[in-house]
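Okay, structure first, notes after.
Residue numbers begin at 1 in each chain, while the letters A, B, ... track the order of the sequences.
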Number of protein chains: 2
Amino acid sequence: MSASQFSTKQRLLGAAEALFAQHGFAGASLRQVTAAANVNLAAVNYHFGSKDNLIEAVFRRRLDALNARRHAALAKVESKPGATLEDALEAFIRPALELALDRHGGAAFMRMLARAYAEHDERLRRFLSDNYGHVLREFAVVFHRMLPHLVKEELYWRLDIVAGALTYTMADFGLIKRRAGTSETAHREYTVEHLVGFAAAGLRAP
Amino acid sequence: MSASQFSTKQRLLGAAEALFAQHGFAGASLRQVTAAANVNLAAVNYHFGSKDNLIEAVFRRRLDALNARRHAALAKVESKPGATLEDALEAFIRPALELALDRHGGAAFMRMLARAYAEHDERLRRFLSDNYGHVLREFAVVFHRMLPHLVKEELYWRLDIVAGALTYTMADFGLIKRRAGTSETAHREYTVEHLVGFAAAGLRAP
DNA sequence: CCCCGTATCAAACAAACGTTTGAAGGATAG
DNA sequence: CTATCCTTCAAACGTTTGTTTGATACGGGG
């Protein structure tokens, strides 16, 4: 009785992602997760060691790719001579929005990420900072160059807030159906432009 | 051993607010809450009946006043002939920001509210909608008049997203120390202006 | 064939959860 | 003083939690 083309590990990650998005990390129990994945309860601790490790694995599965794409997009922006703040923000936002609109659980992951932001959990923050902080620091350097009027401390908490607001917004965008008559790519382009302007306004303020 | 000028009920509400903000509704246990409030465990069910009722009471304590102030501010805007979208947004935002900057647990409450938004919990959404939805609908009517290019459905989910992003942002603002050399009121005025522009951009887009 | 490492399973573990109970204070009114 | 009501208390209730255990099945290599 496996009833799926995916391995136990993959099914666990998928079910955990969906249930963490819906009920939170504390609210979704391992029994719910393993039942949704059609897997024995003990499989979580066998494959991941603990619930906390499962949570981290769910993040890793998506964030490794997301940060790689953000890093590559930022590198391309930096190689361009006349790069603007909007270009850098697009390098930050577009990969995330594409992930949010991904049909295979992307929306669920984005809602989960938004919850993680809202939770301000110390353990989770350290995990994210340790594993993906270096890419955020690359962006901070570029933003700092483009916004010389901001002292570093001010820039950092603005980035923190803007990133959180963006994540929250993208999580909700994933829930919303596209307006009828709008193609997928047109919708995405419109949304990217919208969010970039939104974020730029927040960062450029005096 | 009460060690406080406040009643058991008030101490419970305060401790619950702080711990729900920090660990979430499922993550903060009644034993943590009652310990922080220096109160017996059974006091929660004696005074509130259940944990869910305690959660609702924590919301009620702040939201009754917040919605009254929003309603009054909107009425004042409507009585003015040349009212703009920014005026209406300010009526929505300023009371919330003042709550977020309130020194007696306002920041904690705002973080709790942001978590409630991120959680998309059905029970909580119904409670908030039932008790405070009428004020939001008043705002929606005014916004609809000021943004005739948006069909009602589009306006509603934009409002939902904008309100969520604002709540999240204000929750973080509450955590951030004011920049040195800026007075409290100057900081607040700057932030209101900033957030109003932020939200207006999101609503006015085509 | 047997062996061994991997994977799955039902069952049990202690701990923590929200909630309930019944008795004990403590103040106020008759 | 007694009686009454509201409040607090320690203790226990039955569930549910994350985790661990030991047995069982599977499957290629010696």
If I take atom [atom1] in residue [X] and atom [atom2] in nucleotide [N], what distance separates them, rounded to the nearest angstrom?
X	N	atom1	atom2	result
B/R11	D/dT7	CZ	P	13 Å
A/F48	D/dG18	CZ	C1'	16 Å
B/L12	D/dC9	CG	C1'	14 Å
A/Y46	D/dA23	OH	C1'	15 Å
A/H23	D/dT17	NE2	P	12 Å
A/K9	C/dT8	NZ	P	11 Å
A/L19	D/dT17	CG	P	12 Å

The criterion is ring-ring contact (aromatic ring centres under 6.0 Å, His included); which residues satisfy it with [X], sequence neighbours excluded?
X	answer
B/F198	A/F198
B/Y117	none
A/F92	A/F139

Under 3.5 Å, side-chain donor or acceptor atoms of residues 39-46 of chain A against the rest of the protein: list the pairs with distances, not counting sequence neighbours.
residue	atom	partner	partner atom	Å
A/N40	OD1	A/A42	N	2.9

With 3.5 Å as the limit, what N/O pairs link the protein to nucleotides 11-18 of chain C?
residue	atom	partner	partner atom	Å
C/dC17	OP1	B/S29	OG	3.2
C/dG18	OP1	B/K51	NZ	2.6
C/dG18	OP2	B/L30	N	2.9
C/dG18	N7	B/R31	NH1	2.8
C/dG18	O6	B/R31	NH2	2.8

Please list all pairs passing the salt bridge (charged side-chain N to carboxylate O under 4.0 Å, His left out) test where one or both residues lie in residues 14-42 of chain B, with sequence neighbours left out.
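The answer is B/E17-B/R61, B/E17-B/R62.
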
Within residues 45-54 of chain B or reaching into it, pairs that qualify as salt bridge (charged side-chain N to carboxylate O under 4.0 Å, His left out) - sequence neighbours excluded
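Matches after skipping sequence neighbours: B/D52-B/R123.
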
Under 4.0 Å from OP1 or OP2 of D/dC6: is there any side-chain N or O of B/H47 that close?
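It does not, given that no N or O in the side chain of B/H47 lies less than 4.0 Å from OP1 or OP2 of D/dC6.
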
Looking at C/dA7, I'd like to know if its phosphate oxygens (OP1 or OP2) sit under 4.0 Å from a side-chain N or O belonging to A/T8.
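No, outside the criterion.
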
Salt bridge (Lys or Arg N to Asp or Glu O under 4.0 Å) partners for A/E189, two or more places apart
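If we apply the salt bridge (Lys or Arg N to Asp or Glu O under 4.0 Å) test to A/E189, skipping adjacent residues, the hits are A/R94.
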
NZ/NE/NH1/NH2 to OD/OE distance under 4.0 Å, A/R145 and A/E78
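Between A/E78 and A/R145 there is a salt bridge, with a charged N closer than 4.0 Å to a carboxylate O.
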
Determine, for A/R125 against A/D130, whether the closest basic-nitrogen to carboxylate-oxygen distance falls under 4.0 angstrom.
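A salt bridge is absent here (no side-chain N lies under 4.0 Å from a carboxylate O).
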
Both distances under 3.5 Å, Watson-Crick or G-U wobble: on that basis, could you give the dot-bracket string for DNA chain D, with [ ] for crossing pairs and | for other-strand partners?
|||||||||||||||||||||||||||..|

